[in-house]
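Everything numeric in this text was worked out from a predicted model, so none of it was measured.
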Amino acid sequence: MAKEHVHGVFQSVASQYDAANDRISLGMHHIWKKALVDAALASCPADGVGRVLDVCCGTGDITERIAKGSSQVVAVGLDFSANMLDVAKQRTAGMDNVMLVEGNAMELPFDDDTFDACVVSFGLRNTPDYEQVVGEMARVTRPGGLVACLDASVPDSDLIEPFWKVYYKECMPVLGGGFSKRHEYEWLYQSTMEFLRKDELIALFRRCGLVGVNCQPFMMGSAALHTGMRQLEAGRPRKRAGRLLRLVGQAGL
């Protein structure tokens, strides 16, 4: 899908996005997102300030969960939709360990090795180049840090897939947007069908230099959490994480 189309869809559904996710996933997305947040927080230092980047943060639900998970973790949310970020700002108002940035997942505006963990939740499949985005996530993650992707997926079972297709193509747009905005949610089926299968995303993680790659499927494979650890190539120079460190100092952490 064209970047302009995706941007327009998210701009138009920002105010109702969270409620729609509850309906679409039958509330199960909260369990999946907890697994993602727990993995990100586990990658942060036990003492000192941790740093987690939430790419394609949307309305900031993952960013908020990370910030609430530890007051010693700076949660940075990045998204290209100003309307989505407006909702995220309202959601995280008053939280001193949250920073929100309008930016492009294809060119993350951070130095190498800046974050302890870098996550993306239901956003990777809407980007124009999956490998470019995961590569950028790996670049800004410190050696030994976590890169994680939670996203929709096509079930692996030939028995389940036909029922999944009917639900995604016919039921989900109405559940998400009602009859008035059902067309805005038709991209869910299209983007998921075009997205990488689980084994293909595992291979992509490895091509981006991640090790210990793992896939945890949810809801009969209709969603999956992929995780990998960043490993620094021998002899590669490291850049200081100056930009975020200055922001952390301003936040008083």
Side-chain angles (χ1 to χ4, degrees), residues 18 21-44 50 52-58 60-70 73 75 77 105 115-127 130-131 133-138 140-161 163-165 167-168 172 188-189 191-231:
D18 291 322
N21 282 341
D22 281 333
R23 296 191 298 270
I24 288 170
S25 71
L26 307 178
M28 297 298 292
H29 73 107
H30 295 290
I31 298 174
W32 311 337
K33 289 175 178 177
K34 183 180 185 301
L36 173 65
V37 170
D38 287 348
L41 292 176
S43 187
C44 292
V52 178
L53 176 62
D54 179 16
V55 177
C56 303
C57 69
D61 62 330
I62 295 294
T63 310
E64 179 190 32
R65 291 167 192 250
I66 292 168
K68 284 184 174 179
S70 172
V73 171
F115 297 94
D116 298 294
C118 189
V119 305
V120 58
S121 174
F122 295 99
L124 183 61
R125 73 182 189 280
N126 297 313
T127 63
Y130 311 138
E131 189 159 350
V133 173
V134 175
E136 277 289 276
M137 292 172 66
V140 302
T141 302
R142 65 166 173 79
L146 179 83
V147 174
C149 171
L150 173 64
D151 218 316
S153 181
V154 177
D156 298 319
S157 170
D158 292 335
L159 294 175
I160 296 173
E161 185 176 345
F163 298 99
W164 173 90
K165 285 183 176 179
Y167 178 72
Y168 253 66
M172 190 174 291
L188 281 170
Y189 174 76
S191 64
T192 304
M193 288 300 297
E194 294 173 353
F195 192 44
L196 301 175
R197 298 301 188 260
K198 298 176 186 65
D199 57 342
E200 293 174 326
L201 189 51
I202 288 174
L204 185 151
F205 267 45
R206 289 172 175 160
R207 287 199 303 274
C208 290
L210 301 172
V211 297
V213 180
N214 183 62
C215 174
Q216 180 180 357
F218 299 106
M219 205 172 182
M220 295 177 289
S222 60
L225 172 62
H226 286 75
T227 57
M229 186 178 71
R230 160 77 191 285
Q231 188 175 57

Peer 1: Can a side-chain donor-acceptor contact be found between Asp54 and Thr63 if the only test is distance below 3.5 angstrom?
Peer 2: yes

Peer 1: I'd like to know whether Cys56 forms a side-chain contact (heavy atoms from CB on, under 4.5 Å) with Thr127, so could you lay out the CA-CA distance, the side-chain angles of the two residues, the decisive distance to 0.1 Å, and finally the verdict.
Peer 2: CA-CA 9 Å; Cys56 303; Thr127 63; 4.2 Å; yes

Peer 1: Name every donor-acceptor pair, under 3.5 Å, that has one atom in a side chain of residues 206-220 and the other anywhere in the protein, sequence neighbours excluded.
Peer 2:
unit_1: Arg207; atom_1: NE; unit_2: Glu131; atom_2: OE1; d: 3.3
unit_1: Arg207; atom_1: NE; unit_2: Glu131; atom_2: OE2; d: 3.4
unit_1: Arg207; atom_1: NH2; unit_2: Glu131; atom_2: OE1; d: 3.1

Peer 1: About how many Å separate CG of Asp151 and OG of Ser222, when rounded to the nearest 0.5 Å?
Peer 2: 11.5 Å

Peer 1: Can you name the closest pair of heavy atoms from Ala117 and Ser43 and give their distance?
Peer 2: CB-CB, 4.2 Å

Peer 1: Would you compute the distance between atom CG of Leu146 and atom CE of Met137 and round it to the nearest 0.5 angstrom?
Peer 2: 8.5 Å

Peer 1: Quick one: does any side-chain atom of Arg230 pair with a main-chain N or O of Gly145 as donor and acceptor, under 3.5 Å?
Peer 2: no

Peer 1: Please report the C-alpha distance between Val133 and Leu124 in whole Å, then the side-chain angles of each, then the deciding distance to 0.1 Å, and finally whether the side-chain contact (heavy atoms from CB on, under 4.5 Å) criterion is met.
Peer 2: CA-CA 7 Å; Val133 173; Leu124 183 61; 3.7 Å; yes

Peer 1: Val52 and Phe115: side-chain contact (heavy atoms from CB on, under 4.5 Å), yes or no, with the steps?
Peer 2: CA-CA 6 Å; Val52 178; Phe115 297 94; 5.6 Å; no

Peer 1: Enumerate, atom names and distances included, each donor-acceptor pair closer than 3.5 Å involving a side-chain atom of residues 196-205, sequence neighbours excluded.
Peer 2:
unit_1: Arg197; atom_1: NH1; unit_2: Met193; atom_2: O; d: 3.4
unit_1: Arg197; atom_1: NH1; unit_2: Phe195; atom_2: O; d: 3.3
unit_1: Lys198; atom_1: NZ; unit_2: Ser153; atom_2: OG; d: 2.8
unit_1: Lys198; atom_1: NZ; unit_2: Val154; atom_2: O; d: 3.0
unit_1: Lys198; atom_1: NZ; unit_2: Gly221; atom_2: O; d: 2.9
unit_1: Glu200; atom_1: OE1; unit_2: Arg197; atom_2: N; d: 2.8

Peer 1: To the nearest 0.5 Å, tell me how far Lys33 NZ sits from Leu150 CG.
Peer 2: 7.5 Å

Peer 1: Run the side-chain contact (heavy atoms from CB on, under 4.5 Å) test on Leu53 and Val119 for me, step by step, so that the C-alpha distance in whole Å, both residues' side-chain angles and the decisive distance to 0.1 Å come before the verdict.
Peer 2: CA-CA 6 Å; Leu53 176 62; Val119 305; over 6 Å; no

Peer 1: Could you state the interatomic distance from OG (Ser70) to CG (Leu41), rounded to the nearest 0.5 Å?
Peer 2: 6.5 Å

Peer 1: Listed by chain and number, what are the salt bridge (Lys or Arg N to Asp or Glu O under 4.0 Å) partners of Glu136, not counting sequence neighbours?
Peer 2: Arg139

Peer 1: Scan Val120, Thr141, Thr227 and name whichever one has a side-chain contact (heavy atoms from CB on, under 4.5 Å) with Val147.
Peer 2: Thr141

Peer 1: Side chains of Leu36 and Ser121, heavy atoms from C-beta outward: is any pair under 4.5 Å?
Peer 2: yes

Peer 1: Restricting to non-hydrogen atoms, name the atom on Ala105 and the atom on Val55 that form the minimum distance, rounded to 0.1 Å.
Peer 2: CB-CG1, 3.5 Å

